[in-house]
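All of these numbers come straight from a predicted model, not from anything done at the bench. Each chain gets a letter, A, B and so on, in the order its sequence line appears, and its residues count up from 1.
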Amino acid sequence: MRRFTVYDSLSREIRLFVPITPPKVGMFVCGLTPYDEAHLGHGRTAVVFDVVARALARWGYRVFYVQNVTNIDDRLIARGGERGIDPLKLAERHFLAWHLAMETLGVRSVNYYPFATDYLPEILAQVEALVSKGFAYPAEGSVYFDVARFPSYGALSGQRLDAARTGTRIEAEPGKRAPEDFVLWKAARPGEPSWESPWGPGRPGWHIEDTAITGRLLGARYDLHGGGLDLKFPHHEAEIAQAEAATGERPLVNYWMHAGMLQFKGEKMSKSVGNVVSLQGTIGRYGPMVVRFFYLNAHYRSPLDFVEGKSLEEAREAYDRLAQPAGRLAEALARSGPERAGRELPAEVATAATGLPNSLDETLAEDFNSRAAIAGLFGWARTVQEWLPHLDALSGSAISTLEAPFRWGRDVLGLFEATDASAGRERLDPLVRVVLSARTRARERKEFAEADRLRADLLTAGIRLEDRGAETEWHAVREPES
RNA sequence: GCCGAGGUGGCAGAAUGGUUAAUGCGACAGACUGCAGAUCUGUUUCCUGGGGGUUCGAUUCCCUCCCUCGGCUCCA
């Protein structure tokens with residue numbers, strides 16, 4: 001197991017990571033409430049923690065990664081009511097879309113997506129435990145957590161209750177003793193989905209599902225909890241309070257990781273601000289790998305600005321600089337096979353290639369500095385560019401050696417994966433070749449006007465040509481419309 | 001108001017108690033090319049929010065101020 005450090009939001013310092021029972025790592029990340037289409041901000045958090053899980057797996061840890069799905073809550077009920085759809089069905093529909101987006105983005109490290117409503121017995125048991133231990137009280141069919149009974153409440157966010165209170169939006173919730181008390185079990189209003197409980201029909205509060213799920217799947221204490229920075233207070237604070245109060249064991253979580261917000265037009269991208277950009281739509285327009293690269297090109301804790309018409313264009317240019325040599329190596333290897341004889345690499349190049357993945361691991365092992373690792377890949381791309389013209393002379397194992405750092409990028413960062421666009425390329429290739437051979441003949445006859453006309457026509461069709469000596473390569477300028 | 005995260009070149013964005021502060025994008029020039037593109041080479045000069053302090057030396061550590069963003073029970 002590789003040693004690595006991580007910034008823990010609770011202690012506010014970078015700490016060496018030590019699992020409770022090595023090599024196992026229990027990892028939980030707050031998922032979304034799928035009441036609407038996912039936006040670019042959601043994608044960032046998902047990709048950030050995907051890389052964390054991928055890296056841990058590579059480094060010899062056995063990760064069990066759980067991401068919950070809040071499939072019952074006020075927004076779902078409201079949205080379902082507007083559309084005349086059962087909220088649970090609505091949640092399921094949006095979750096399927098999310099899952100598809102994750103698949104496209106290469107987020108495949110999540111082992112399990114538990115739905116809140118599948119954990120009603122655990123939720124009820126936890127609420128009952130809190131009531132019987134005096135940490136929670138029923139009122140008007142609901143149950144509230146008594147924050148005053150949990151003195152360390154606020155430790156994660158640094159919030160002090162007296163200070164927080166001034167800015168608190170005090171909702172008219174009858175029976176609540178203090179404004180900071182949060183709801184564990186919410187009495188059902190007529191027509192709402194509800195479950196039976198000792199306090200009457202109702203549904204779980206937002207915070208309790210996570211600790212009910214982790215209690216069941218990861219135990220009373222586990223290693224790593226992630227989520228967006230906006231969830232730190234009150235959500236994660238509430239998780240700590242209710243879980244530690246219910247089980248009597250602490251700490252609930254050994255390492256808290258919070259991902260920085262994606263900002264758009266100077267503010268956090270969010271539904272309530274109304275500045276959202278669709279995740280699916282952006283993936284469709286730029287391709288999943290460019291979106292992924294955009295996220296990982298910044299440190300996960302920093303705020304990341306999304307500028308329409310600029311950020312992803314820039315990311316595409318930068319990503320292509322890596323993907324192009326990576327792709328040519330993969331193609332060459334597919335053609336030649338690793339067994340083919342040929343020239344070997346000079347010793348210093350081979351040493352650099354085989355050593356780089358390890359140093360990239362070291363870089364990433366310092367609080368998941370993906371940007372610094374990417375910088376290392378750029379340096380390698382430059383070296384590989386020098387070898388691209390000589391690929392056919394190289395042995396299969398030499399090409400494979402050149403590819404090693406890019407394989408690291410694929411395994412850990414999830415970049416350089418074949419996408420639908422490259423599948424489309426295979427279909428188009430024979431057709432494009434027909435035009436190319438006509439153009440090559442024209443060029444041989446120095447009929448450049450004709451050759452340029454063919455090049456221009458292909459460009460209109462979305463295909464850009466690049467002459468490399470006698471050979472001509474082609475690239476799709478835009479994603480195929482689907 | 002309180003709590004937290006940030007302020008780095010034209011832009012994005014890393015790192016570090018110490019010779020020229022990564023990397024990418026963009027721009028400019030050269031090589032290559034029939035041209036273009038891609039690639040390579042070079043250039044992009046005084047780039048670390050302001051002011052104090054600690055230090056032989058700070059962008060890095062400490063204090064303070066300013067600015068931006070997030071949270072303060074809807075949030076990834």
Discussion item. Generate the contact string for nucleotides 12-17 of chain B. Rules: B means base contact, S means sugar-phosphate contact only, - means no protein heavy atom under 4.0 Å.
Written reply: BSSS--
Worksheet item: When every nucleotide of nucleotides 28-33 of chain B is labelled 5' to 3' by its protein contacts under 4.0 Å (heavy atoms), B for base, S for sugar-phosphate only, - for none, what sequence of letters results?
Response: ------
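Distances shorter than 4.0 Å separate none of the side-chain N or O atoms of A/Lys232 from OP1 or OP2 on B/rC3. Listed pair A/Arg321 / B/rU39 meets the phosphate criterion, a side-chain N or O lying under 4.0 Å from OP1 or OP2. A/Trp206 has a side-chain polar atom (N or O) that falls below the 4.0 Å cut-off from OP1 or OP2 of B/rC75. Not one side-chain nitrogen or oxygen of A/Tyr319 sits closer than 4.0 Å to the OP1 or OP2 atom of B/rG24.
If you check every strand for non-hydrogen atoms under 4.0 Å, A/Gln324 touches sugar and phosphate atoms only. Among the atoms of the strands shown, base atoms are found under 4.0 Å from some heavy atom of A/Leu465. Looking at heavy-atom distances under 4.0 Å, A/Leu231 makes contact with sugar-phosphate atoms alone, never a base.
A/Asp8 and A/Ser11 form a side-chain donor-acceptor contact under 3.5 Å, judged by distance and modelled atom types alone. Side-chain contact annotation: A/Trp408 with A/Asp361, donor-acceptor N/O pair under 3.5 Å present. Checking A/Tyr112 against A/Gln67 by side-chain atom types alone, no donor-acceptor pair falls below 3.5 Å. Between the side chains of A/Asn369 and A/Thr363, no donor-acceptor pair of N or O atoms lies under 3.5 Å. Between the side chains of A/Glu209 and A/Asn68, a donor-acceptor pair is found at a separation under 3.5 Å. A/Arg15 and A/Thr5 form no side-chain donor-acceptor contact under 3.5 Å, judged by distance and modelled atom types alone.
B/rG34 has A/Phe448 stacked on its base ring, the centres lying under 5.5 angstrom apart and the planes within 30 degrees of parallel.
With both ends at atom P, the span from B/rG49 to B/rA15 equals 15 Å, rounded to whole Å. Rounded to whole Å, the separation between the C1' atoms of B/rC74 and B/rA38 comes to 49 Å.
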Worksheet item: Taking only Watson-Crick and G-U wobble pairs with both distances under 3.5 Å, what dot-bracket line describes RNA chain B, where [ ] shows pairs that cross earlier ones and | shows pairs with another strand?
Response: (((((((..(((.....[....)))((((((.......))))))....(((((..]....))))))))))))....
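Aromatic pair A/Phe28/A/Tyr65: ring centres not closer than 6.0 Å.
Atom C1' of nucleotide B/rU39 and atom CZ of A/Phe378 are separated by 15 Å, given to the nearest angstrom.
A donor-acceptor distance shorter than 3.5 angstrom exists from the side chain of A/Asp223 to the backbone of A/Gly26, with no hydrogens or angles considered.
Residue A/Val273 is the one, among A/Tyr35 and A/Val273, whose nearest nucleotide of RNA chain B lies closer to the 5' end (criterion: closest heavy atom).
The side chain to side chain donor-acceptor pair (under 3.5 Å) test with A/His207 singles out one residue from A/His236, A/Glu237, A/Glu239, A/His235, and that residue is A/His235.
Salt bridge present: A/Glu473 and A/Arg328 bring a charged side-chain N and a carboxylate O closer than 4.0 Å. Note on A/Arg464 versus A/Glu466: salt bridge recorded, some NZ/NE/NH1/NH2 to OD/OE distance being below 4.0 Å.
Taking every side-chain heavy atom of A/Asp452 into account, B/rC35 is the closest of B/rG24, B/rC35, B/rA76.
Looking at A/Arg12, its side chain has no donor and acceptor atom pair within 3.5 Å of the base of B/rC3.
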